[in-house]
Amino acid sequence: MNEDEPAGAFPSRDRPTRGRGENGLNDQTQRRIGTHLRTLYDSVVQQPIPDRFRDLIARLEDDAPKPEDPASA
């Protein structure tokens with residue numbers, strides 16, 4: 001910040017590329033948020049599935065009625 005810029009103003013290198021959109025965020029801010037969200041999502045997707053979730057899915061699949069099972073009709 002310098003004397004010519006009011007407090008809370010964007011530094012000259014971070015000025016918005018255009019006015020605010022419908023959601024109140026400029027294009028640069030939206031891109032930055034999108035990039036961070038994609039990075040976070042990608043890191044979560046790369047994590048292995050916990051064993052307890054695999055066990056739960058297996059139990060749910062075993063308990064699901066089979067299409068040929070007369071009780072399911």
Side-chain angles (χ1 to χ4, degrees):
M1 181 170 96
N2 64 35
E3 295 174 9
D4 298 332
E5 294 178 344
F10 285 103
S12 57
R13 67 185 175 282
D14 291 336
R15 293 206 190 280
T17 54
R18 67 167 209 179
R20 293 178 181 199
E22 292 178 14
N23 61 4
L25 301 174
N26 63 52
D27 289 344
Q28 180 181 4
T29 302
Q30 290 180 31
R31 282 192 301 273
R32 187 179 310 149
I33 290 171
T35 299
H36 287 284
L37 287 174
R38 275 190 293 279
T39 301
L40 176 64
Y41 178 80
D42 289 342
S43 70
V44 170
V45 169
Q46 297 300 322
Q47 295 178 8
I49 298 172
D51 290 337
R52 66 177 190 246
F53 288 170
R54 289 179 205 226
D55 294 343
L56 177 61
I57 292 169
R59 285 187 9 224
L60 289 170
E61 288 174 347
D62 289 344
D63 291 345
K66 307 291 185 243
E68 65 275 356
D69 187 358
S72 65

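- Annotation: the span from D55 atom CG to L60 atom CG amounts to 11.0 Å, rounded to 0.5 Å.
- A pairwise comparison of heavy atoms in H36 and R32 identifies CD2-O, 2.9 Å as the closest pair.
- Linking Ile, Leu, Val, Met, Phe, Trp and Tyr whenever their side-chain heavy atoms come within less than 4.5 Å puts L37 and L25 in one cluster.
- Two residues are said to be in side-chain contact when any heavy atoms from C-beta on lie closer than 4.5 Å; D62 and R59 fail this criterion.
- Side-chain contact check for V45 versus D42: every heavy-atom pair is 4.5 Å or farther apart.
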